[in-house]
Chemist: 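This is the structure I want to talk about, given as C-alpha cells.
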Amino acid sequence: MADLLSDEEIEAQLPADWERDGDEIVRTFEFDSYLPGVGFASGIAGIAEDAWHHPEITITWGEVEVRLTTHDAGGITEKDTDLAARFNDAYE
Ligand SMILES: C[C@H](O)[C@H](O)[C@H]1CNC2=NC(N)=NC(=O)C2=N1
C-alpha cells in the first residue's frame with residue numbers, strides 16, 4: 001500500500017494548478033461548453049482505470065472538478081500526485 005505523504009511532500013509534489021484540500025488534492029479544469037468537459041472526464045476515467053486509482057469527478061457546464069485521495073491509505077499518496085500530473089497532460 002502507498003505511504004501517506006507529509007505536508008511538505010504534498011506541497012513539493014503537487015502538479016501545476018492543483019491544490020490541497022484536507023485529505024484530497026483538487027483541480028477544476030475549464031472548458032468552453034459542456035460536452036468538451038464530458039469528453040475530458042471520460043478520457044481521465046480511462047487513465048484512472050488503467051492506473052486502478054479513481055478520482056471523484058464532478059461535471060458542470062464549462063467545468064470539471066477532479067478530486068483525488070488514496071482511500072486505502074486514508075489520505076494523499078504518490079498515487080494521487082502521479083495521477084494528477086497525468087490528468088494535466090491529458091488537458092494540455
Ligand atoms: C478495491 C479496489 O482495488 C480499491 O478500491 C482501489 C481502487 N481505486 C482506488 N482509488 C482511490 N482513489 N483510492 C483507492 O484507495 C483505490 N483503491
Side-chain angles (χ1 to χ4, degrees):
M1 179 171 65
D3 294 332
L4 291 176
L5 297 176
S6 68
D7 292 345
E8 295 75 20
E9 288 169 328
I10 292 167
E11 288 308 316
Q13 295 180 27
L14 267 181
D17 300 314
W18 285 77
E19 295 179 348
R20 180 187 183 166
D21 182 9
D23 286 337
E24 299 176 321
I25 60 172
V26 57
R27 180 178 177 180
T28 297
F29 296 86
E30 297 182 351
F31 299 90
D32 294 336
S33 60
Y34 186 70
L35 288 182
V38 174
F40 173 74
S42 177
I44 65 168
I47 295 169
E49 190 74 353
D50 288 347
W52 199 244
H53 196 69
H54 303 87
E56 176 184 319
I57 303 172
T58 305
I59 303 169
T60 54
W61 198 99
E63 290 188 346
V64 176
E65 182 188 79
V66 182
R67 290 182 171 270
L68 281 162
T69 190
T70 303
H71 302 294
D72 296 343
I76 301 164
T77 71
E78 281 192 346
K79 289 184 175 183
D80 302 305
T81 54
D82 290 351
L83 198 55
R86 292 178 65 185
F87 290 170
N88 279 4
D89 293 344
Y91 182 64
E92 303 311 329

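Just follow the structure's listing: the first ligand is 1, and inside any ligand the first atom is 1. When a residue number appears, it is its place in the shown sequence, counting from 1.
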Chemist: Given Val38 and Phe31, is the side-chain contact (heavy atoms from CB on, under 4.5 Å) satisfied, shown in steps?
Modeler: CA-CA 10 Å; Val38 174; Phe31 299 90; over 6 Å; no
Chemist: With no hydrogens and no angle check, is any side-chain donor or acceptor of Asp17 less than 3.5 Å from a backbone partner on Arg27?
Modeler: no
Chemist: Nearest to atom 17 (N) of ligand 1, what protein heavy atom do you find, and at what distance?
Modeler: Asp72 OD2, 3.2 Å
Chemist: Could you identify the single nearest non-hydrogen protein atom to atom 1 (C) of ligand 1 and state the distance to 0.1 Å?
Modeler: Trp52 NE1, 4.6 Å
Chemist: Among all the protein's heavy atoms, is there at least one whose distance to atom 7 (C) of ligand 1 comes out below 4.0 Å?
Modeler: yes
Chemist: So, does Thr69 use its side chain to make a donor-acceptor pair with the main chain of Gly75 at under 3.5 Å?
Modeler: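 Present.
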Chemist: Would you tell me which option among Thr69, Leu68, Thr70 has the nearest heavy-atom contact to atom 12 (N) of ligand 1?
Modeler: Thr69
Chemist: So if I count the atoms of ligand 1 from 1 in the order they appear, which ones are less than 4.0 Å from some heavy atom of His71?
Modeler: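 Once the distances to His71 are compared, the set is 11 (C), 12 (N), 13 (N), 14 (C), 15 (O).
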Chemist: Relative to the ring of Phe40, is the ring of Tyr91 parallel (under 30°), tilted (30 to 60°) or perpendicular (over 60°)?
Modeler: perpendicular
Chemist: Can you name the closest pair of heavy atoms from Phe87 and Leu68 and give their distance?
Modeler: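 Here Phe87 and Leu68 meet closest at CE1-CD1, 4.1 Å.
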Chemist: Considering only protein heavy atoms, which is closest to atom 10 (N) of ligand 1, and at what distance to one decimal place?
Modeler: His54 N, 3.0 Å
